[in-house]
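Below is one structure, written out as structure tokens, with a few remarks after it.
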Amino acid sequence: MNKKIALAVSALAAFALVGTSACSSDDKDPATSTAATTATTDAAPALKVVGAPFTTELYGVGLPLDSSLCEQVNTAIADMVADGTWLAKLNGQMEGVLYTPNPETNPPKDFEVCDNKAGTFTTASSDTIKIGIKFDQPHLGFKEGSTYTGFDVDVATYVAGKLGFTPDKIEWVEAPSKSRETLLENHQVDIIFATYSITDARKEKVEFAGPYFVAGQDLLVRGDDDRITGPESLNESDYKLCSVTGSTPAQKIKDTYAADVELVEVTGYGECITALIAGRVDAVTTDDIILAGLAAAGVR
Amino acid sequence: METLTQYWEFVTQKKPDGTLLYDVLGAFWVNIQLTLWAGAVAMVLGTIILAMRISPIVSLRAVATFFTNIFRDIPLTVVMLIMWLVIWTQLGVSFGGKMSTDFYILAIIGLGLYHASFIAEALRSGVNTVPLGQAEAARAIGLTFMQSARMIVLPQAFRGAIAPIGNTIIALIKNTTVASVMGVATETSAVMSGMIETGANFVLLIFLTFAIGYVLIVIPVGMFFTWASRILAVKR
Amino acid sequence: MSTEIQDASDTVVELIDVQKHFGELHVLKDINLSVARGEVVVVIGPSGSGKSTLCRTINRLEPIDSGQILVGGQALPAEGKQLAMLRAEVGMVFQSFNLFAHKTILDNVTLGPIKVRKTPTEQARAEAFELLDRVGIRNQADKLPAQLSGGQQQRAAIARALAMHPKLMLFDEPTSALDPEMINEVLDVMTDLAQSGMTMLVVTHEMGFARRVANRLIFMSDGEILERATPNEFFTNPQTDRAKDFLAKILQH
């Protein structure tokens, strides 16, 4: 009897988890999704990205230091931009959200210089390519059952195609932020498309091709909240800002723009979104495209 | 060697206002404090649950068994997530003052509730080390159930439960890292995440720093409990 | 059936038609027994005869299925404060001593008087020392039970029971767990106690003690009381076959 009750409560808890953090778009029945499409054009969206991005984050393609693929990846990205696929995929993922990427830097034109031209490593296995992505960022790198969706996935699939790997030859591996360098060093993945910002510190451990997108830190607020317009406005009142534990964006805002803001750090963006919608925090901060993906997940 | 110097500079770098950017020692102190508070909550709650479990009143026994089963069957991370998603986010529970204090208190409550069930089980195993004859002799001279529990059975049960209690405390020390799920941003796993985010080239050293830190805390605690369980054991 | 009709105020314990089962096993069958004030009743019989169970039902360490048990004319109440008060009047000595292992001998003896009888501490300690003296272990007062020999522990247990000034002392095989050389020191204390007029019910295998000290001997087998007699009568002229069988076996060594 006690075991059954315990299982029921655990199930409820798991339910709450899944319900709050996942993008449940594919499960909605036709009636509600039609209503949602019309709603996005007429009613105010539930969440919106405000202000211009106030930093620059170059999303690079992570490669092990001994990789020989760098040049080919750069060429593939350039092709993807030239033939229009890049824009089409981006718009497809961000449908329904009022979001435009920074037009001065997107689509990317200046690619990283490939240092390691003498590298010999391509992929660990000759049949498949192991690509590291995020599993928990809706519309960027997201795992739903056995399907993988998102803009990172779209770019990765295109590039892999140009490298000679058809979609059925791709193995998707989760690359959590803390492990990206180790996964590449140990060749546990061959290449990474996981909202991976290019920094000097990281360049000591991995090689970067790309960037395939230039993001910038930004703020996500409730659709009907007009008080917050940018990072400085967070200093004006008792605002609460949410971000993910250990990430740099939140600390950056506190240090540079708004010393009085109260920081809330949680395990995942899903928890931030739940708190934002419930009114417990006033803004969520991270890269603008990640925010747009989270907002899009709520819309659809 | 040069990497170590660079790492040291990385770890000791300061923010614009002069304080440490990565307060590693401070983070360990936060986890130790969480251990002390949650440990106290777990000990008190665990003792109450134990008393309910061995009481002659059936309904009390049922409630205690129910509580223990719930918290032993739900993973700690899920308990913390429920504290975050349900208690803080949806129910808006607050203790006045700053949010970080709220998070701290809720984390302590979550950790305390979870480990209380293990303490109760540890104490129950301690009760089993007390021969039935002790309680019988207590009743035979006219002590009531409460007096017999308080004066004869529980003191011996506690002394017999030192080892399993010690194991629970050691698990608690390490489990306090889950407080980051409840928004406590100054404890070790949160600080570690922050360090890896910007110090990707020092990943291994960062992991080692925190692993060694915990080893340095847990080993003396383990030795203490082994010594204590021997000293305090009731000689029969 | 009762064999004697006694004045109520003189009857310390009375068991009337007591029955008890352990699951399927009928461990006490139609037990009728009364113990008068100052009497020493010794219960003997083979293992599994129900002797210990009988002893333990008197202070309700074992509850009964049916029948009545009267202690000092009062029926045994259910678990609770009343029962605790009644147990304070009945002292019990266990086969495994059951001294409180985490307390000194002195604390063992003073605990009951202080906590149950609310005797002032100084008085309780003074009386305790007297009792420990009486049983011959005064110099062990500050030791823990584990530091004493078996015989010393049992004597301490007797002192602990006596500290409550009980009307009745129950002994459940008090020497069965002792090494042979320590049995006599305990039996001596019990003999002394009997001679001072204490009402005692003793379950034991010690026939010599039974012969010397008992007023009445009860022989039990398979949960029933088969014979009641004075020691002399029983040992020289057992009535039932079962008793004859038993005596033949034990008197062989």
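In what follows, chains are A, B, ... by sequence order, proteins preceding strands, each numbered from 1.
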Checking side-chain contact (heavy atoms from CB on, under 4.5 Å) for the pair B/Phe103/A/Val264: CA distance, chi angles, key distance, verdict? CA-CA 9 Å; B/Phe103 295 158; A/Val264 179; 3.5 Å; yes
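- Neither the backbone nor the side chain of A/Ser179 comes within contact range of chain B; no heavy atoms are under 4.5 Å apart.
- Of the two parts of B/Ser100, only the backbone, made up of N, CA, C and O, holds a non-hydrogen atom closer than 4.5 Å to a non-hydrogen atom of chain A.
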Which is it for B/Ser193 and A/Lys178 under the side-chain contact (heavy atoms from CB on, under 4.5 Å) test, yes or no, and what are the steps along the way? CA-CA 7 Å; B/Ser193 298; A/Lys178 289 200 261 291; 2.8 Å; yes
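- Side-chain atoms of A/Arg202 do not come within 3.5 Å of backbone N or O of B/Thr198 as any donor-acceptor pair.
- In terms of heavy atoms, B/Met99 sits closest to A/Leu263 at CE-O, 4.5 Å.
- Dense packing is recorded around NZ of B/Lys15, with more than 12 heavy atoms of other residues, nucleotides or ligands lying under 6.0 Å away.
- To the nearest 0.5 Å, atom CE of residue B/Met182 and atom CD of residue A/Glu271 are 11.0 Å apart.
- Chosen from B/Phe202, B/Trp88, B/Phe10, the residue pairing most often with chain A at heavy-atom distances under 4.5 Å is B/Trp88.
- Interatomic distance, CD of B/Gln6 versus CD of A/Glu204, reported as 6.0 Å (0.5 Å rounding).
- Interatomic distance, A/Thr245 OG1 to B/Glu197 CD, rounded to the nearest 0.5 Å: 11.0 Å.
- Options A/Ala278, A/Ala275, A/Ser177 differ in how many heavy-atom pairs under 4.5 Å they form with chain B, and the most are formed by A/Ala275.
- Note: B/Leu204 CG to A/Glu185 CD = 9.0 Å, rounded to the nearest 0.5 Å.
- Contact detail for A/Thr267 and B/Val181: the closest heavy-atom pair is CG2-CG2, 3.4 Å.
- Side chain of A/Glu181 to backbone of B/Val203: no donor-acceptor contact under 3.5 angstrom is found.
- Annotation: the span from B/Ile196 atom CD1 to A/Thr182 atom OG1 amounts to 8.0 Å, rounded to 0.5 Å.
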